[in-house]
Amino acid sequence: GYYSQGVNEMQYTGFFPRDSMYFSWSWLFAGFPEEGKKVATYYEKTQHDDGRFFNDQENIGPYAILMWYYKTKDRDYLDRMWPRLVKNFNYVTNIIENDPLKLMPAMGPYDNEGITGHYTAHNFYNAKAFEMMASCAKELGQEEESKKYRAYADNFISNMMYHVNVAIATNGFIPPGIDTGKSGAHWGNMEASYPTFVMGSHDERVKKTIDYIREVDWSDEGLIMFNALGCNCLHHYNTMKASMADLYLGRDENVIKDLYGVLLHTSSTHAFFEFCLDPWSNRDFGGNFTPHGWGHVKYVSLIRNMLVREDEVSNLYLLSAVAPAWTLPGKEIVARRFNTQFGSVDLVAKGTPEGLKVDLKLDQEGGVWGKPRKVFIKVPYFALRASVSVDGKPAAIGPDNYVEIPLSAREVIMDFKRSPKPVETYNTTVKRFIKEYAKHFDSWRKENAFTPLWECFPEKSLQNFDERQIRDQ
């Protein structure tokens with residue numbers, strides 16, 4: 001079966017090919033692959049006769065379909081979707097051929113980046129899809145077709161990277177648009193590594209891009225700014241694109257700061273908003289109602305990858321980012337039956353007075369990708385003078401504080417000194433934010449002549465449940 005995955009039940013009830021892809025992954029990460037498959041199968045209901053997918057300006061549909069197969073190796077699914085992928089390949093290569101730069105065609109400011117030009121991310125998604133078409137054709141026994149797709153992918157990527165590198169040389173970072181200078185909101189340009197991996201996890205171009213964004217387009221509230229479509233406001237879930245890039249760069253301290261910044265801006269029930277909020281202003285996002293489902297599934301993906309993740313060269317990583325508060329003596333981080341492309345992972349990390357004790361049970365048979373090439377576990381950024389042993393034997397701490405361990409490892413002991421600075425927690429983050437917010441909001445209110453709702457309608461505000469019941473009779 002299948003169903004059309006909406007983002008919420010208010011303004012985003014329709015099917016969004018890009019958002020739905022992340023929903024399908026989160027179902028898989030959470031241990032519900034059949035639910036994820038229902039989302040991934042719906043793409044077949046949205047294809048036009050010419051090969052386009054409905055509401056798919058990025059042409060991300062093929063990438064979403066192929067990524068589902070890539071993550072699950074569900075051959076029945078690939079067989080079912082393959083004719084649609086071939087039809088789309090013929091469509092998209094035709095529109096690329098007619099583009100002056102031989103890229104995904106230029107578009108106007110329809111959403112997201114809000115630019116007029118060649119969207120960087122559109123080219124990233126399709127480049128990866130072309131590569132996966134070649135691999136999948138080979139798995140299907142179509143050797144000649146695989147060679148054709150591979151040749152096309154190589155040529156397209158070579159041309160794309162030429163234009164991207166020119167843009168990087170001009171601007172100093174990967175811009176939202178290949179030919180639009182520094183303009184536009186940072187969006188898909190943060191996805192050069194995860195999830196597309198058109199560039200490697202540690203590519204210096206990715207690092208420079210995230211550093212630039214954090215320096216120039218990051219708010220003091222701990223979220224990324226959205227500077228497009230007439231807005232200059234906070235953006236909630238888009239923050240986690242930078243978080244994920246930093247996670248793969250090995251910069252776990254940035255990830256933890258982002259995590260608290262994101263949680264800080266959820267509702268009392270931890271619902272995500274999207275944008276429309278000025279920094280240090282009121283929290284009125286107008287008609288852009290919460291909850292925003294894409295925010296929630298990106299959060300699921302972030303937490304999952306912080307604890308257990310794969311990289312682009314078939315390595316398995318454990319505990320890539322953990323908060324200091326999670327490792328205090330007596331605290332535990334527990335991951336049971338985590339689904340990975342290398343099989344199941346069981347992990348219990350217990351805080352001790354000396355550091356951290358990690359008990360492991362990794363799938364010895366492997367998963368849909370077989371066994372991992374290597375397995376790494378990370379010593380956290382706040383660990384001082386650390387030493388590590390694996391099953392009783394000393395182990396070396398490598399680049400980015402990662403320690404290579406065997407697949408058979410059962411116990412990892414990390415001895416370290418904790419930083420003497422006060423431990424940052426979600427609660428301390430909230431308390432500090434409230435103090436700062438009170439100072440900034442007073443200034444914002446004076447400048448913007450803002451009248452709070454409760455002053456406009458005192459008879460409808462600040463009433464308890466019984467009072468509202470009487471009022472509404």
Side-chain angles (χ1 to χ4, degrees), residues 185-186 190 210-211 213-227 231-247 251-286 288-292 294-296 298-300 302-303 306 321-328 331 333 380-382 418-455 461-462:
H186 299 291
M190 294 186 282
I210 301 303
D211 286 345
I213 293 169
R214 289 190 180 279
E215 180 181 354
V216 176
D217 286 304
W218 211 262
S219 78
D220 292 338
E221 288 197 36
L223 299 181
I224 196 172
M225 295 296 292
F226 181 73
N227 298 311
C231 297
N232 182 29
C233 57
L234 302 171
H235 202 295
H236 201 186
Y237 63 79
N238 200 37
T239 300
M240 290 180 281
K241 285 189 174 73
S243 311
M244 203 72 84
D246 266 332
L247 185 70
R251 304 195 295 191
D252 46 334
E253 185 172 7
N254 282 353
V255 177
I256 298 302
K257 288 179 180 178
D258 290 353
L259 176 67
Y260 286 148
V262 164
L263 289 174
L264 185 65
H265 290 83
T266 57
S267 73
S268 60
T269 56
H270 287 308
F272 280 71
F273 76 95
E274 188 176 25
F275 67 125
C276 297
L277 299 182
D278 293 337
W280 304 114
S281 68
N282 66 348
R283 305 288 90 170
D284 182 6
F285 36 70
N288 194 356
F289 301 114
T290 61
H292 197 286
W294 195 15
H296 289 272
K298 288 182 76 66
Y299 176 73
V300 169
L302 178 62
I303 293 294
M306 287 167 61
V322 299
W326 304 350
T327 67
L328 293 175
K331 298 290 185 179
I333 303 168
Y381 66 90
F382 50 84
R418 292 180 171 83
S419 171
K421 296 188 296 185
V423 173
E424 183 76 351
T425 68
Y426 171 69
N427 288 333
T428 60
T429 302
V430 170
K431 290 178 181 178
R432 189 178 66 254
F433 176 79
I434 289 173
K435 291 180 181 179
E436 285 296 311
Y437 183 80
K439 292 186 293 186
H440 288 282
F441 180 70
D442 186 55
S443 299
W444 181 89
R445 183 179 175 184
K446 291 175 181 176
E447 293 173 5
N448 290 271
F450 167 69
T451 303
L453 179 66
W454 57 86
E455 292 184 10
S461 305
L462 302 179

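Reckoned from all heavy atoms, side chains included, excluding hydrogens, waters and symmetry mates.
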Test salt bridge (Lys or Arg N to Asp or Glu O under 4.0 Å) applied to Arg283 - qualifying residues, sequence neighbours left out
Glu221
For Tyr426 and Tyr260, take the angle between the two ring planes, folded into 0 to 90°, and tell me which bin it lands in: parallel under 30, tilted 30 to 60, perpendicular over 60.
tilted
Are Leu223 and Leu264 side-chain neighbours, meaning at least one heavy-atom pair lies under 4.5 Å?
no
Return the minimal non-hydrogen interatomic distance between Asp246 and Asn254, and the atom names on each side.
OD2-ND2, 3.0 Å
Could you tell me whether the side chain of Thr290 reaches within less than 4.5 Å of the side chain of Ser267, counting heavy atoms only?
no
Can you measure from OG (Ser219) to CG (Leu234) and round to the nearest 0.5 angstrom?
4.5 Å
Minimum heavy-atom distance between Gly222 and Thr239, given as atom pair plus value:
O-CG2, 4.2 Å
Distance check, rounded to the nearest 0.5 Å: Lys439 atom NZ versus Trp280 atom CH2?
8.5 Å
Can you tell me how far CD1 of Ile256 sits from CH2 of Trp326, rounded to the nearest 0.5 angstrom?
4.5 Å
Using the benzene-type ring in the case of Trp, are the ring centres of His292 and Phe272 under 6.0 Å apart?
no
Atom pair CD1 (Ile224) and CG (Asn238), whose distance is rounded to the nearest 0.5 Å:
5.0 Å
Test of understanding: with salt bridge (Lys or Arg N to Asp or Glu O under 4.0 Å), list the residues that count as partners of Asp258, not counting sequence neighbours.
Arg214
Ser281 to Tyr437 - nearest heavy-atom pair and separation
O-OH, 2.5 Å
NE2 of His235 to CZ of Phe273: how many Å apart, nearest 0.5 Å?
8.5 Å
Closest non-hydrogen atoms of Thr425 and Ala325, given as atom of the first, atom of the second and distance, are CG2-CB, 3.5 Å
How close do Ala271 and Pro291 get, heavy atom to heavy atom, and via which atoms?
CB-CB, 3.9 Å
Can you check side-chain contact (heavy atoms from CB on, under 4.5 Å) on Glu253 and Phe382, steps first, answer last?
CA-CA 8 Å; Glu253 185 172 7; Phe382 50 84; over 6 Å; no
Rounded distance [0.5 Å steps], CG in Asp211 versus CZ in Arg251
4.0 Å
Taking the six-membered ring for Trp, is the centroid-to-centroid distance between His236 and Tyr299 below 6.0 Å?
no
Taking only Lys NZ, Arg NE, NH1 and NH2, and the carboxylate oxygens of Asp or Glu, determine whether Glu424 and Lys257 approach each other closer than 4.0 Å.
no
Side chain to side chain contact (heavy atoms under 4.5 Å, CB included) with Met306: of Leu259, Asp252, Val322, only one passes, and it is Leu259
Looking at Arg418 and Pro324, would you say the former's side chain and the latter's main chain have a donor-acceptor pair under 3.5 Å?
no
Passing candidate, side chain to side chain donor-acceptor pair (under 3.5 Å) with Tyr237, options Glu274, His265, His296, Lys298
Glu274
